[in-house]
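Beneath this line is the structure, given in structure tokens, with notes to follow.
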Amino acid sequence: MSKDKIWVIGASGQIGSDLVVELRKIYGGANVIASDIKEPNQEIKEGGPFEAFDVCSVDEVSHIVKKYQITEVYNLAALLSGTAEKDPRFAWRLNMNGLFNILNVAKEGLVKKIFWPSSIAVFGPTTPKFDTPQVTITEPNTVYGITKIAGERWCEWFFHKYGVDVRSIRYPGLIGYKALPGGGTTDYAVDIFYHAIKGMDYECFLSKDTMLPMMYMPDGIRATLDLMHAPSSSIKIRSSYNIAGMSFDPQMIHESIQRHYPEFNVNYKGDFRQEIANSWPSSIDDSEAYKDWGWKPGYDLTSMVDDMIIQLKHKLL
Ligand code: AKB
């Protein structure tokens with residue numbers, strides 16, 4: 001029986017829906033507590049404990065930590081880039097207060113390890129665009145990016161000041177089939193599959209040549225678990241690690257999907273998210289993650305598209 005009690009905050013979201021299932025395979029259903037303010041899917045509801053919960057409330061955080069004797073927290077609750085731009089005050093409250101509450105509980109010694117997701121959104125228009133290094137200019141010009149760079153600074157500060165074992169990854173755009181993403185700039189790369197499989201045209205909100213760093217969800221989950229399972233002494237970066245999967249633009253993913261659906265058509269009509277995407281890197285240098293905890297992606301564009309179509313067809317049809 002595992003002694004670890006894992007708490008996943010944001011379990012109904014895009015990463016949470018996949019991560020909870022994987023964690024329950026490792027630690028057992030009863031040892032992984034899922035929580036969200038949104039209803040979870042059936043698989044999460046039936047696989048172990050679920051708590052409806054608001055991460056912004058300090059009292060609720062310590063109540064759950066004590067109730068389940070939590071040892072590890074994955075705090076995934078956040079507004080993504082598109083939504084955050086429309087509601088900066090709420091984005092700051094959710095993205096910052098949630099993290100701050102968890103870091104403070106860990107400082108008291110109850111929680112032993114924390115995972116917190118950062119993003120390529122910490123980079124901005126002044127950052128080198130290709131092979132963006134681990135340490136470089138981070139001047140984000142989006143609300144979401146500002147919360148992520150501030151969060152990274154807090155993580156590092158709590159580690160140095162109080163020895164809080166907090167670990168983080170700068171996720172690229174994640175592509176998964178379990179849950180729909182909500183409010184992100186990279187979400188087009190998920191939506192596009194639903195349209196292709198349903199035989200509908202897709203209107204893309206980014207231009208055809210907007211190249212962004214992306215990752216298939218199984219790689220994203222593996223990176224998260226590898227980082228969390230690595231010995232503390234190998235984690236040299238306590239702000240957040242760059243990780244890379246693949247880089248593509250909307251035209252490239254369209255063409256790759258056309259291998260399966262030759263008639264599939266995409267129209268391009270940029271919206272406010274184009275500007276956000278323009279401020280982000282096109283590709284990422286993840287050599288520090290490789291050096292410290294052995295990170296290597298498993299999927300490229302072709303293998304991701306092939307698997308995504310199999311999985312989504314199974315889910316939708
Ligand atoms: C978004 O598009 O906002 C996210 C991200 C890159 O962090 N997927």
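Remember, it's 1-based here, ligands and their atoms both numbered in the order they're listed.
In this structure, the side chain of E51 does not engage the main chain of I33 through any donor-acceptor pair within 3.5 Å.
Aromatic ring orientation, W293 versus Y241: perpendicular (interplanar angle above 60°, classes split at 30° and 60°). Taking the six-membered ring for Trp and thresholds of 30 and 60 degrees, Y188 and F248 have ring planes more than 60 degrees apart, a perpendicular arrangement. Using a 30° and 60° split on the angle between ring planes, Y162 and W157 fall in the perpendicular class, above 60°.
For Y171, no nitrogen or oxygen atom sits less than 3.5 Å from a nitrogen or oxygen atom of ligand 1, counting backbone and side chain alike. Looking at D187 next to ligand 1, no N or O pair under 3.5 Å apart turns up. On a distance-only criterion, S81 and ligand 1 share at least one N/O pair closer than 3.5 Å.
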(message) Quick one, N141 with E275, criterion side-chain contact (heavy atoms from CB on, under 4.5 Å). Give me CA distance, side-chain angles, the key distance, then yes/no.
(response) CA-CA 10 Å; N141 60 357; E275 211 181 310; 5.5 Å; no
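Within the set V190, L79, I120, T185, the minimum heavy-atom distance to atom 2 (O) of ligand 1 is found for T185.
Stacking of K5 on the aromatic ring of Y68 is not recorded, the 6.0 Å distance cut-off and the 45° axial limit not both being met.
Residue Y144 approaches ligand 1 through these ligand atoms, each under 4.0 Å from one of its heavy atoms: 3 (O), 5 (C), 7 (O). Close contacts between ligand 1 and G184 involve ligand atoms 1 (C), 2 (O), 3 (O) [criterion: under 4.0 Å to a heavy atom]. In the vicinity of L80, heavy-atom distances shorter than 4.0 Å reach the ligand 1 atoms 3 (O). Set against the non-hydrogen atoms of W280, the atoms of ligand 1 under 4.0 Å away are 1 (C), 2 (O), 3 (O), 6 (C).
Under the 3.5 Å distance criterion, with hydrogens and angles disregarded, no donor-acceptor pair is assigned to the side chains of S57 and D59.
Protein heavy atom closest to atom 8 (N) of ligand 1, with residue, atom name and distance, is T186 OG1, 2.9 Å. Regarding atom 5 (C) of ligand 1, its nearest protein heavy-atom neighbour is S119 OG, 3.5 Å.
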